[in-house]
Trainee: 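My questions all concern the structure below.
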Amino acid sequence: MLDGMHLSDVVFRFLSLCDIEEVKALCKLWFPLDYPNTWYNDVLSNPQFFSLAACHSNNIIGLIVAEIKEASRVNEEDSSLLDYGLIYNADVAYILALGVMEEYRRCGIASLLLDTFLRHLTAQEMKKVKVVYLHVLATNDKALRFYEKRNFRMHAFLPYYYCIGDKMRDGFTYCLYVNGGHPPWTFLYPFVTPIMTNR
């Protein structure tokens with residue numbers, strides 16, 4: 001652990017609008033995308049978002065932001081996440097951000113943030129959530145290994161999905177099925193999860 005820090009020294013709390021400047025600074029440091037001010041206002045104040053911080057010495061050192069929404073509201077590239085019989089009576093959980101300050105990485109903090117969110121989804125009032133998913137750069141090997149280690153699987157290849165600077169970059173959709181959710185039935189399911197593209 002960093003400078004003798006133990007996980008027991010880390011405090012978890014929900015984020016609020018009071019954290020907006022600190023969250024902005026961290027997201028600009030961690031992520032290659034520029035989020036508008038409206039994004040920060042939404043994720044820090046709208047109850048449909050699960051926004052949790054890991055804090056040490058009263059400073060935010062990690063956070064996870066996820067949106068809970070109706071499955072019928074997913075973007076076109078993610079429309080094949082769930083079996084068609086589930087789409088109109090299910091919710092999905094979309095992880096928008098998960099990050100930890102560099103000096104606190106490899107201490108288990110990202111895992112604790114993710115595990116806390118996944119436990120939240122097992123509550124009775126969350127049983128409608130059938131899949132957790134996220135988008136990730138195809139070249140972000142550390143993130144891919146992190147999610148694969150936690151049983152997330154690649155669902156879709158997204159060519160030219162990100163615009164970073166002046167370049168288009170490929171991405172993936174990764175997902176984890178929960179609460180009895182599953183992808184569209186195929187001859188091979190449940191032995192093989194189909195890999196889709198948005199071409």
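Basis for what follows: all heavy atoms, side chains included, without hydrogens, waters or symmetry-related copies.
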Trainee: Verify whether one side chain among E70 and Y88 offers a donor that lies under 3.5 Å from an acceptor in the other.
Mentor: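 Y88 and E70 do not have a side-chain donor-acceptor pair below 3.5 Å.
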Trainee: Identify which one of T116, L52, L96, L112 satisfies the side-chain contact (heavy atoms from CB on, under 4.5 Å) criterion when paired with I64.
Mentor: L52
Trainee: Give every donor-acceptor pair under 3.5 Å between a side-chain atom in residues 40-51 and any protein atom, sequence neighbours left out.
Mentor:
from: N41; atom 1: ND2; to: N37; atom 2: O; distance (Å): 3.3
from: S45; atom 1: OG; to: N41; atom 2: O; distance (Å): 2.5
from: N46; atom 1: OD1; to: Q48; atom 2: N; distance (Å): 3.0
from: Q48; atom 1: NE2; to: E67; atom 2: OE2; distance (Å): 2.5
from: S51; atom 1: OG; to: V43; atom 2: O; distance (Å): 2.6

Trainee: What about the rings of F152 and Y147, do their centers lie closer together than 6.0 Å?
Mentor: yes
Trainee: Heavy atoms only: give me the nearest N179-T122 pair and the separation to one decimal.
Mentor: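 Closest pair (atom of N179, atom of T122, distance): OD1-CA, 4.3 Å.
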Trainee: Could you report the tightest heavy-atom contact between A54 and F12, atom names first, then the distance?
Mentor: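 Looks like CB-CE2, 3.6 Å.
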Trainee: Provide the closest heavy-atom pair for L33 versus C163 in the form atom of the first, atom of the second, distance.
Mentor: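 Heavy atoms of L33 and C163 come nearest at CD2-O, 4.2 Å.
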Trainee: Check L113 against A53 and note the closest heavy-atom contact, atom names and distance.
Mentor: CD2-C, 4.3 Å
Trainee: Find out whether R150 and L176 are in side-chain contact, i.e. whether some heavy atom of one side chain is under 4.5 Å from a heavy atom of the other.
Mentor: no
Trainee: Under 6.0 Å from the ring centre and within 45 degrees of the ring axis: does the NZ or CZ of R119 meet both conditions for the six-membered ring of F117?
Mentor: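 No, R119 does not lie over the aromatic ring of F117.
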Trainee: Check whether D170 reaches the backbone of Y160 with its side chain - one donor and one acceptor, N or O, closer than 3.5 Å.
Mentor: yes
Trainee: Report yes if the side chains of D141 and L144 come closer than 4.5 Å at any heavy-atom pair, otherwise no.
Mentor: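 D141 vs L144: side chains touch.
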Trainee: For P184 versus S80, what's the shortest heavy-atom pair and its separation?
Mentor: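 Heavy atoms only, the tightest pair is CD-O, 3.1 Å.
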Trainee: Do D19 and K24 sit within salt-bridge range, that is, some charged N less than 4.0 Å from a carboxylate O?
Mentor: no
Trainee: Would you say the side chain of M101 lies within less than 4.5 Å of the side chain of L26, judging by non-hydrogen atoms?
Mentor: yes
Trainee: From the options F172, Y177, Y133, select the one residue that forms a side-chain contact (heavy atoms from CB on, under 4.5 Å) with H155.
Mentor: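 Of the listed options, the one satisfying the test is Y177.
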Trainee: If you define the side chain from C-beta out and look only at heavy atoms, does anything of S111 sit under 4.5 Å from F146?
Mentor: yes
Trainee: State, with a plain yes or no, whether a side-chain heavy atom of H56 is found less than 4.5 Å away from one of V11.
Mentor: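 The answer is no; the side chains never approach within 4.5 Å.
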Trainee: Can you find a heavy atom in the side chain of C55 that is under 4.5 Å from one in the side chain of R13?
Mentor: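 Result yes, sub-4.5 Å side-chain heavy-atom pair found.
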Trainee: Is there a donor-acceptor pair under 3.5 Å between the side chain of R105 and the backbone N or O of V100?
Mentor: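 The answer is yes, because a donor-acceptor pair under 3.5 Å joins these two groups.
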Trainee: Any chance you could measure R106, atom CZ, to I109, atom CD1, to the nearest 0.5 Å?
Mentor: 13.0 Å
Trainee: Anything under 30° is parallel, anything over 60° is perpendicular, the rest tilted; go ahead and classify W39 against Y35.
Mentor: parallel
Trainee: What about Y161 and H135, are their ring centers closer than 6.0 Å?
Mentor: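 Under 6.0 Å, so yes.
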Trainee: Would you mind reporting whether E22 and N59 have side-chain heavy atoms less than 4.5 Å apart?
Mentor: yes
